[in-house]
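Following: one structure in structure tokens, then a few remarks.
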Amino acid sequence: GKTLLARAVAGESGVPFFALSGSDFVETFVGVGAARVRKIFERARKSERAIVFIDELDAIGKARSSGPSSGANDERESTLNALLVEMDGFEQSNVIMLGATNRPDVLDGALTRPGRFDRQIAVPAPDRLGRTSILELHATHRHLDADVDLVGLGRRTAELGGAEVRVCDHGRPTPG
């Protein structure tokens, strides 16, 4: 759902969309993740206007510790530093950065300071009408039995997100 929401923002804005997962940057060798960060921002800047989206931002943006570090921590910190450098000077840039995490409490303070990821938007699970709309969207090009009640199923799937509601092999929507 988070990636779809970010993709919708890019679509409504009419700009190229670059989506990555925080785990895409996590490597064993120090410097590889940082190089990937620089490369994605280079591609985005060539587009003149773009949205860069990093899902599971906590994979690279977890708060740094002051204790002894291992190679994995060095790589993550190197990647985080590269991201922070790329985000500096965004006032002159037409690249918008969006990030998503289920763990905002563990993010490094440097990521959440003003001028970086300083606006947090909580996206709750869809309400009954939202779940029904999700089911109707997924059922659009599927043959469903006449007795399938998407509105009723929307009522019975309270607290579930779009990824948790799926269509089974028999064409009848079922809760995840």
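Counting begins at 1 with the first residue of the sequence.
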**Request:** Apply side chain to side chain contact (heavy atoms under 4.5 Å, CB included) to Leu20 and Asp55, showing your working.
**Result:** CA-CA 6 Å; Leu20 303 131; Asp55 195 8; over 6 Å; no
**Request:** Check the pair Glu42, Lys46 against salt bridge (Lys or Arg N to Asp or Glu O under 4.0 Å), reporting the backbone distance first and the verdict last.
**Result:** CA-CA 6 Å; Glu42 182 181 318; Lys46 284 182 181 176; 3.7 Å; yes
**Asked** Which heavy-atom pair separates Ala63 from Arg76 by the least distance, and what is that distance?
**Response** O-NH2, 4.2 Å
**Item:** Distance (rounded to the nearest 0.5 Å) between His138 NE2 and Leu150 CG
**Value:** 11.5 Å
**Request:** Would you sort out whether Ile51 and Phe18 count as a side chain to side chain contact (heavy atoms under 4.5 Å, CB included), showing the intermediate values?
**Result:** CA-CA 6 Å; Ile51 290 180; Phe18 299 91; over 6 Å; no
**Request:** Give, for atom CD1 of Ile121 and atom CG of Leu98, the distance between the pair rounded to the nearest 0.5 Å.
**Result:** 8.5 Å
**Message:** Is it the case that the side chains of Asn81 and Arg64 hold a donor-acceptor pair, with the cut-off being a distance below 3.5 Å and no angle test?
**Reply:** yes
**Request:** Walk me through it: do Thr101 and Asp58 pass the test side-chain hydrogen bond (donor to acceptor under 3.5 Å, both in side chains)?
**Result:** CA-CA 6 Å; Thr101 180; Asp58 52 287; 2.5 Å; yes
**Item:** Shortest non-hydrogen separation from Arg131 to Pro126 and the atoms involved
**Value:** NH1-O, 2.8 Å
**Request:** Could you check Phe41 against Met97 for side chain to side chain contact (heavy atoms under 4.5 Å, CB included), going step by step and ending with a plain yes or no?
**Result:** CA-CA 10 Å; Phe41 277 92; Met97 185 77 193; 3.3 Å; yes
**Asked** With no hydrogens and no angle check, is any side-chain donor or acceptor of Arg49 less than 3.5 Å from a backbone partner on Asn94?
**Response** no
**Complete:** All heavy atoms of Gln120 vs all of Pro104, minimum pair found to be OE1-CB, 4.1 Å
**Prompt:** Say you draw a straight line from CG of Asn102 to CD of Glu56; how long is it, rounded to the nearest 0.5 Å?
**Reply:** 5.5 Å
**Asked** How long is the gap from NZ on Lys39 to CD on Glu86, to the nearest 0.5 Å?
**Response** 14.0 Å
**Exercise: identify the closest heavy-atom pair between Leu135 and Gly154** = CD1-N, 3.8 Å
**Message:** Assess the residue pair Asp118 and Arg116 against the criterion (salt bridge (Lys or Arg N to Asp or Glu O under 4.0 Å)); give the C-alpha distance rounded to whole Å, side-chain angles, the decisive distance to 0.1 Å, and a yes or no.
**Reply:** CA-CA 5 Å; Asp118 55 355; Arg116 293 195 175 142; over 6 Å; no
**Item:** Residue pair Val95 / Arg45, side-chain heavy-atom distance below 4.5 Å
**Value:** yes
**Request:** Please round to the nearest 0.5 Å and tell me the distance separating atom CD1 of Ile60 and atom CG of Leu83.
**Result:** 5.0 Å
**Asked** Is the count of non-hydrogen atoms from other residues, nucleotides or ligands lying under 6.0 Å from Leu137 atom CG greater than 12?
**Response** yes
**Request:** Report yes or no: does Asp145 contribute a side-chain atom to a donor-acceptor pair with the main-chain N or O of Val148 at less than 3.5 Å?
**Result:** no
**Item:** Minimum-distance pair of heavy atoms, taken over all atoms of Phe117 and Met87
**Value:** CE1-CE, 3.6 Å
**Request:** Could you point out which residue of Asp127, Leu153, Val151 forms a side chain to side chain contact (heavy atoms under 4.5 Å, CB included) with Thr132?
**Result:** Val151
**Request:** Starting at CD1 of Ile40, measure out to CD1 of Ile54 and round the result to the nearest 0.5 Å.
**Result:** 8.5 Å
**Message:** Other residues, nucleotides and ligands only: do more than 12 of their heavy atoms fall within 6.0 Å of CD on Glu136?
**Reply:** yes
**Message:** Show the nearest heavy-atom pair for residues Val52 and Ala44, with the distance to one decimal.
**Reply:** CG2-CB, 3.7 Å
